Novice: 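Got a structure for you, written out below as C-alpha coordinates; questions coming shortly.
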Amino acid sequence: MSSRLKISDEAAQYLESQLKELISDGNGIYAALIISIDGHPLVKQSQDDIHESKLAAMMSSLLALGESIARESGQELCQYVIVDNSDGFLVDLRVGERMLLTVLARKDTNLGMLLSACKNLAETIIQRFKL
Amino acid sequence: MSDLKFIFTGTPGVGKTTAISMISEFDPVVTDVLTTDELSEQKEQTTVAMDFGEITLEDDEKIRLYGTPGQRRFKFMWEILIDGGLGLVILIDNSRENPLEDLDIYLDNFKDFILDAGAVVGVTRMQTHPSPDLDQYYACLEKRGLDLPVLDIDVRDKDDVIMLLDALMAISDYD
(Lines give C-alpha, C1' and ligand atoms only; values in the text may rest on other atoms or scores of the structure.)
Protein backbone atom coordinates (compact mmCIF):
# COMPACT_ATOMS: atom_id res chain seq x y z
CA MET A 1 0.00 0.00 0.00
CA SER A 2 1.40 3.39 -0.92
CA SER A 3 0.91 6.72 0.74
CA ARG A 4 2.92 9.86 1.33
CA LEU A 5 2.38 9.77 5.09
CA LYS A 6 5.84 8.44 5.92
CA ILE A 7 5.94 5.50 8.28
CA SER A 8 9.14 3.49 8.65
CA ASP A 9 9.30 -0.23 7.90
CA GLU A 10 9.72 -0.82 11.61
CA ALA A 11 6.62 1.23 12.41
CA ALA A 12 4.63 -0.58 9.71
CA GLN A 13 5.70 -3.96 11.12
CA TYR A 14 4.73 -2.86 14.61
CA LEU A 15 1.29 -1.68 13.43
CA GLU A 16 0.75 -4.88 11.45
CA SER A 17 1.56 -6.98 14.51
CA GLN A 18 -0.84 -4.91 16.62
CA LEU A 19 -3.65 -5.33 14.07
CA LYS A 20 -2.90 -9.06 13.85
CA GLU A 21 -3.20 -9.35 17.62
CA LEU A 22 -6.49 -7.42 17.55
CA ILE A 23 -7.94 -9.82 14.99
CA SER A 24 -6.70 -12.97 16.72
CA ASP A 25 -8.12 -11.99 20.10
CA GLY A 26 -11.36 -13.89 19.44
CA ASN A 27 -13.44 -10.71 19.67
CA GLY A 28 -15.22 -11.13 16.34
CA ILE A 29 -12.98 -8.70 14.45
CA TYR A 30 -12.13 -9.96 10.97
CA ALA A 31 -10.37 -6.97 9.43
CA ALA A 32 -8.52 -3.92 10.68
CA LEU A 33 -6.77 -1.07 8.91
CA ILE A 34 -4.71 1.94 9.83
CA ILE A 35 -5.37 4.77 7.40
CA SER A 36 -4.25 8.37 7.07
CA ILE A 37 -6.73 11.04 8.12
CA ASP A 38 -7.10 12.07 4.45
CA GLY A 39 -8.00 8.61 3.26
CA HIS A 40 -4.91 6.65 2.24
CA PRO A 41 -4.53 3.05 3.48
CA LEU A 42 -1.31 2.52 5.49
CA VAL A 43 -1.46 -0.92 7.08
CA LYS A 44 -4.02 -3.72 6.73
CA GLN A 45 -4.76 -7.07 8.35
CA SER A 46 -7.75 -8.98 7.09
CA GLN A 47 -9.17 -12.47 6.99
CA ASP A 48 -11.35 -11.44 4.02
CA ASP A 49 -10.68 -9.71 0.72
CA ILE A 50 -11.39 -6.05 1.20
CA HIS A 51 -10.78 -3.13 -1.14
CA GLU A 52 -8.62 -1.11 1.25
CA SER A 53 -8.22 1.96 -0.99
CA LYS A 54 -11.95 2.56 -1.32
CA LEU A 55 -12.63 1.72 2.30
CA ALA A 56 -9.87 4.08 3.49
CA ALA A 57 -11.31 7.00 1.50
CA MET A 58 -14.84 6.29 2.76
CA MET A 59 -13.76 5.99 6.39
CA SER A 60 -11.90 9.28 6.13
CA SER A 61 -15.08 10.94 4.80
CA LEU A 62 -17.17 9.35 7.53
CA LEU A 63 -15.10 10.63 10.43
CA ALA A 64 -14.84 14.08 8.84
CA LEU A 65 -18.64 14.18 8.53
CA GLY A 66 -18.90 13.09 12.18
CA GLU A 67 -16.62 15.97 13.10
CA SER A 68 -18.59 18.56 11.13
CA ILE A 69 -21.91 17.28 12.57
CA ALA A 70 -20.38 17.55 16.05
CA ARG A 71 -19.31 21.16 15.36
CA GLU A 72 -22.76 22.02 14.03
CA SER A 73 -24.25 20.65 17.26
CA GLY A 74 -21.95 22.76 19.43
CA GLN A 75 -19.67 19.84 20.24
CA GLU A 76 -16.20 19.02 18.97
CA LEU A 77 -13.51 16.41 18.34
CA CYS A 78 -15.40 13.42 17.04
CA GLN A 79 -13.44 10.43 18.36
CA TYR A 80 -15.21 7.58 16.62
CA VAL A 81 -18.17 6.57 14.48
CA ILE A 82 -19.84 3.16 14.69
CA VAL A 83 -21.81 1.82 11.74
CA ASP A 84 -24.25 -0.84 12.94
CA ASN A 85 -25.33 -3.07 10.03
CA SER A 86 -27.62 -6.09 9.76
CA ASP A 87 -24.64 -8.44 9.57
CA GLY A 88 -21.79 -6.65 11.28
CA PHE A 89 -20.20 -3.54 12.74
CA LEU A 90 -17.73 -1.01 11.43
CA VAL A 91 -15.74 1.13 13.82
CA ASP A 92 -13.99 4.27 12.56
CA LEU A 93 -11.78 5.67 15.32
CA ARG A 94 -9.34 8.57 15.43
CA VAL A 95 -5.70 7.76 16.31
CA GLY A 96 -3.93 11.04 17.05
CA GLU A 97 -4.05 13.85 14.51
CA ARG A 98 -3.12 12.04 11.33
CA MET A 99 -4.39 8.47 11.49
CA LEU A 100 -7.59 6.46 11.84
CA LEU A 101 -8.23 2.90 12.91
CA THR A 102 -10.92 1.08 10.96
CA VAL A 103 -12.24 -2.21 12.25
CA LEU A 104 -14.74 -4.65 10.71
CA ALA A 105 -16.44 -7.09 13.09
CA ARG A 106 -19.10 -9.78 12.97
CA LYS A 107 -22.61 -9.11 14.27
CA ASP A 108 -22.23 -11.47 17.24
CA THR A 109 -19.46 -9.23 18.60
CA ASN A 110 -20.06 -7.51 21.92
CA LEU A 111 -20.11 -3.86 20.89
CA GLY A 112 -18.75 -2.62 24.22
CA MET A 113 -15.84 -5.04 24.10
CA LEU A 114 -15.19 -4.14 20.47
CA LEU A 115 -15.08 -0.45 21.18
CA SER A 116 -12.88 -0.98 24.21
CA ALA A 117 -10.41 -3.08 22.19
CA CYS A 118 -10.27 -0.38 19.50
CA LYS A 119 -9.75 2.43 22.02
CA ASN A 120 -7.02 0.47 23.82
CA LEU A 121 -5.19 -0.15 20.56
CA ALA A 122 -5.47 3.49 19.56
CA GLU A 123 -4.04 4.54 22.92
CA THR A 124 -1.19 2.01 22.58
CA ILE A 125 -0.31 3.40 19.14
CA ILE A 126 -0.51 7.00 20.36
CA GLN A 127 1.84 6.19 23.28
CA ARG A 128 4.24 4.19 21.11
CA PHE A 129 4.61 6.92 18.47
CA LYS A 130 3.98 9.87 20.80
CA LEU A 131 1.22 11.12 18.50
CA MET B 1 -40.92 27.51 -3.76
CA SER B 2 -38.37 24.85 -4.57
CA ASP B 3 -34.72 24.29 -3.85
CA LEU B 4 -32.03 24.24 -6.47
CA LYS B 5 -28.91 22.18 -6.01
CA PHE B 6 -25.62 22.94 -7.71
CA ILE B 7 -22.39 21.02 -7.29
CA PHE B 8 -18.84 22.38 -7.33
CA THR B 9 -16.11 19.98 -8.35
CA GLY B 10 -12.57 20.28 -9.68
CA THR B 11 -8.91 19.72 -9.04
CA PRO B 12 -7.55 19.40 -5.49
CA GLY B 13 -6.60 22.80 -4.11
CA VAL B 14 -8.43 24.77 -6.83
CA GLY B 15 -10.65 26.55 -4.29
CA LYS B 16 -13.99 24.77 -4.21
CA THR B 17 -14.39 25.36 -0.48
CA THR B 18 -13.33 29.00 -0.93
CA ALA B 19 -15.80 29.54 -3.78
CA ILE B 20 -18.70 28.24 -1.69
CA SER B 21 -17.63 30.27 1.36
CA MET B 22 -17.55 33.44 -0.74
CA ILE B 23 -21.25 33.27 -1.58
CA SER B 24 -22.89 31.16 1.14
CA GLU B 25 -25.20 33.04 3.52
CA PHE B 26 -23.83 31.10 6.46
CA ASP B 27 -20.45 29.66 7.34
CA PRO B 28 -20.40 26.62 5.10
CA VAL B 29 -20.23 23.07 6.36
CA VAL B 30 -16.68 21.92 5.71
CA THR B 31 -15.05 18.53 6.14
CA ASP B 32 -11.39 19.45 5.86
CA VAL B 33 -8.65 17.33 7.40
CA LEU B 34 -4.86 17.52 7.46
CA THR B 35 -3.23 16.69 4.14
CA THR B 36 -0.70 13.86 4.41
CA ASP B 37 0.29 13.31 0.77
CA GLU B 38 1.99 15.34 -1.99
CA LEU B 39 -0.83 17.90 -1.84
CA SER B 40 0.57 19.05 1.51
CA GLU B 41 3.16 21.06 -0.45
CA GLN B 42 0.25 23.12 -1.75
CA LYS B 43 -2.13 23.23 1.21
CA GLU B 44 -2.39 22.01 4.78
CA GLN B 45 -5.96 20.78 4.64
CA THR B 46 -8.18 19.06 2.13
CA THR B 47 -11.89 18.28 1.84
CA VAL B 48 -12.64 14.58 2.31
CA ALA B 49 -16.45 14.46 2.30
CA MET B 50 -18.21 17.65 1.18
CA ASP B 51 -18.74 21.37 1.55
CA PHE B 52 -22.21 22.78 1.90
CA GLY B 53 -23.51 26.33 1.66
CA GLU B 54 -26.68 28.11 0.63
CA ILE B 55 -27.84 31.33 -1.01
CA THR B 56 -31.35 32.74 -1.44
CA LEU B 57 -32.54 34.30 -4.68
CA GLU B 58 -34.79 37.37 -4.87
CA ASP B 59 -37.90 35.22 -5.17
CA ASP B 60 -36.96 33.38 -1.97
CA GLU B 61 -35.76 30.38 -3.87
CA LYS B 62 -32.77 28.76 -2.26
CA ILE B 63 -29.73 27.43 -4.03
CA ARG B 64 -27.95 24.67 -2.16
CA LEU B 65 -24.26 24.53 -2.99
CA TYR B 66 -22.32 21.32 -2.54
CA GLY B 67 -18.56 20.98 -2.98
CA THR B 68 -16.99 17.62 -3.71
CA PRO B 69 -13.56 16.39 -2.67
CA GLY B 70 -11.14 16.84 -5.57
CA GLN B 71 -9.21 13.58 -5.41
CA ARG B 72 -10.39 10.64 -7.43
CA ARG B 73 -10.28 8.31 -4.43
CA PHE B 74 -13.37 10.16 -3.20
CA LYS B 75 -15.32 9.40 -6.37
CA PHE B 76 -17.99 7.69 -4.27
CA MET B 77 -18.77 11.10 -2.74
CA TRP B 78 -19.10 12.63 -6.22
CA GLU B 79 -21.80 10.08 -7.00
CA ILE B 80 -23.63 10.76 -3.74
CA LEU B 81 -23.45 14.53 -4.10
CA ILE B 82 -24.72 14.86 -7.68
CA ASP B 83 -27.99 13.12 -6.83
CA GLY B 84 -30.80 15.62 -7.46
CA GLY B 85 -28.37 18.25 -8.75
CA LEU B 86 -29.36 20.74 -11.45
CA GLY B 87 -25.91 21.75 -12.62
CA LEU B 88 -22.18 21.33 -12.17
CA VAL B 89 -19.41 23.88 -11.74
CA ILE B 90 -16.05 22.42 -12.79
CA LEU B 91 -13.11 24.39 -11.41
CA ILE B 92 -9.73 23.88 -13.07
CA ASP B 93 -6.43 25.21 -11.72
CA ASN B 94 -4.44 26.56 -14.69
CA SER B 95 -1.18 26.41 -12.70
CA ARG B 96 -1.23 22.62 -12.62
CA GLU B 97 0.89 20.54 -14.98
CA ASN B 98 -1.81 19.65 -17.49
CA PRO B 99 -5.08 21.49 -16.88
CA LEU B 100 -6.75 20.20 -20.05
CA GLU B 101 -6.14 16.62 -18.97
CA ASP B 102 -7.61 17.57 -15.58
CA LEU B 103 -10.70 18.88 -17.37
CA ASP B 104 -10.98 15.61 -19.31
CA ILE B 105 -11.02 13.64 -16.06
CA TYR B 106 -14.00 15.61 -14.71
CA LEU B 107 -15.81 15.55 -18.06
CA ASP B 108 -15.40 11.77 -18.12
CA ASN B 109 -16.46 11.20 -14.54
CA PHE B 110 -19.50 13.45 -14.67
CA LYS B 111 -20.35 12.69 -18.30
CA ASP B 112 -23.96 11.58 -17.82
CA PHE B 113 -24.71 14.27 -15.28
CA ILE B 114 -23.31 17.00 -17.57
CA LEU B 115 -25.45 15.78 -20.46
CA ASP B 116 -28.54 15.70 -18.23
CA ALA B 117 -28.06 18.82 -16.17
CA GLY B 118 -25.41 21.06 -17.75
CA ALA B 119 -22.11 22.43 -16.52
CA VAL B 120 -19.89 25.47 -16.53
CA VAL B 121 -16.09 25.50 -16.40
CA GLY B 122 -14.25 28.03 -14.23
CA VAL B 123 -10.52 28.36 -14.86
CA THR B 124 -8.47 29.79 -11.98
CA ARG B 125 -4.97 31.30 -11.72
CA MET B 126 -5.01 32.42 -15.38
CA GLN B 127 -3.38 35.72 -14.41
CA THR B 128 -0.18 33.95 -13.42
CA HIS B 129 -0.58 30.96 -15.74
CA PRO B 130 -2.20 32.16 -19.00
CA SER B 131 -1.67 28.91 -20.88
CA PRO B 132 -3.75 27.03 -21.90
CA ASP B 133 -6.03 29.91 -22.83
CA LEU B 134 -9.83 29.85 -23.00
CA ASP B 135 -9.81 28.99 -26.72
CA GLN B 136 -7.92 25.80 -25.92
CA TYR B 137 -10.52 24.94 -23.30
CA TYR B 138 -13.32 25.53 -25.82
CA ALA B 139 -11.47 23.36 -28.36
CA CYS B 140 -11.19 20.60 -25.76
CA LEU B 141 -14.94 20.76 -25.12
CA GLU B 142 -15.77 20.94 -28.81
CA LYS B 143 -13.86 17.72 -29.46
CA ARG B 144 -16.37 16.06 -27.16
CA GLY B 145 -19.33 17.78 -28.75
CA LEU B 146 -19.90 19.88 -25.64
CA ASP B 147 -20.93 23.51 -25.68
CA LEU B 148 -20.32 24.78 -22.15
CA PRO B 149 -19.39 28.25 -20.89
CA VAL B 150 -15.74 28.61 -19.84
CA LEU B 151 -14.88 31.54 -17.58
CA ASP B 152 -11.62 32.98 -16.27
CA ILE B 153 -12.32 33.40 -12.57
CA ASP B 154 -10.84 34.12 -9.18
CA VAL B 155 -12.60 32.05 -6.52
CA ARG B 156 -11.76 34.71 -3.91
CA ASP B 157 -13.92 37.19 -5.81
CA LYS B 158 -17.60 36.90 -4.88
CA ASP B 159 -18.72 38.46 -8.18
CA ASP B 160 -16.74 35.89 -10.15
CA VAL B 161 -18.37 33.01 -8.28
CA ILE B 162 -21.83 34.52 -8.80
CA MET B 163 -21.01 34.91 -12.50
CA LEU B 164 -20.35 31.15 -12.63
CA LEU B 165 -23.73 30.43 -11.06
CA ASP B 166 -25.48 32.88 -13.42
CA ALA B 167 -23.90 31.11 -16.39
CA LEU B 168 -24.96 27.76 -14.99
CA MET B 169 -28.55 28.89 -14.39
CA ALA B 170 -28.71 30.25 -17.92
CA ILE B 171 -27.91 26.88 -19.44
CA SER B 172 -29.56 24.54 -16.93
CA ASP B 173 -33.23 23.64 -16.96
CA TYR B 174 -33.95 26.35 -14.42
CA ASP B 175 -36.32 29.10 -15.64
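Each chain gets a letter, A, B and so on, in the order its sequence line appears, and its residues count up from 1. Quick caveat: nothing in here was measured; it's all calculated off a predicted structure.
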Novice: What heavy-atom pair brings S68(A) and V30(B) nearest, and what distance separates the two atoms?
Specialist: CB-O, 3.3 Å
Novice: For the CG atom of D38(A) and the CZ atom of F74(B), what is their distance to the nearest 0.5 Å?
Specialist: 6.5 Å
Novice: Honestly curious: do L134(B) and L148(B) fall in one hydrophobic cluster under the side-chain, below-4.5 Å linking rule?
Specialist: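 In one cluster with L134(B): L148(B), yes.
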Novice: Among V48(B), T36(B), T46(B), T35(B), which residue meets the side chain to side chain contact (heavy atoms under 4.5 Å, CB included) test with I37(A)?
Specialist: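 Considering V48(B), T36(B), T46(B), T35(B), a side chain to side chain contact (heavy atoms under 4.5 Å, CB included) with I37(A) is found only for T36(B).
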Novice: Answer yes if Y14(A) and L42(A) sit in the same cluster of Ile, Leu, Val, Met, Phe, Trp and Tyr residues linked by side chain heavy atoms under 4.5 Å apart, and no otherwise.
Specialist: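 Yes: a chain of side-chain contacts under 4.5 Å links Y14(A) to L42(A).
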Novice: If we define contacts as heavy-atom pairs under 4.5 Å, which of M58(A), E67(A), E72(A) has the most with chain B?
Specialist: M58(A)
Novice: Counting only non-hydrogen atoms closer than 4.5 Å, does S53(A) touch chain B with its backbone (N, CA, C, O), its side chain (CB onward), both, or neither?
Specialist: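 Neither the backbone nor the side chain of S53(A) comes within 4.5 Å of chain B.
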Novice: Minimum heavy-atom separation for A49(B) and S61(A), please, with both atom names.
Specialist: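 Heavy-atom minimum between the residues: CB-O, 3.8 Å.
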Novice: Determine whether V33(B) and R98(A) make a side-chain contact, defined as any pair of heavy atoms from C-beta on separated by less than 4.5 Å.
Specialist: no
Novice: Would you say the side chain of R73(B) lies within less than 4.5 Å of the side chain of H40(A), judging by non-hydrogen atoms?
Specialist: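 Counting from C-beta outward, H40(A) and R73(B) do come under 4.5 Å.
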Novice: Does E79(B) have more than 12 heavy atoms from other residues, nucleotides or ligands lying within 6.0 Å of its CD?
Specialist: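 Yes, CD of E79(B) has more than 12 neighbouring heavy atoms, counting only those of other groups under 6.0 Å.
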Novice: Atom CG of residue position D84(A) - does it have more than 12 heavy atoms of other residues, nucleotides or ligands inside 6.0 Å?
Specialist: yes
Novice: Are L57(B) and L86(B) connected into the same hydrophobic cluster when the rule is that any two of I, L, V, M, F, W, Y join if their side-chain heavy atoms are below 4.5 Å apart?
Specialist: yes
Novice: Can you measure from CZ (F76(B)) to NZ (K54(A)) and round to the nearest 0.5 angstrom?
Specialist: 10.0 Å
Novice: For the OG atom of S36(A) and the CG atom of L34(B), what is their distance to the nearest 0.5 Å?
Specialist: 10.0 Å
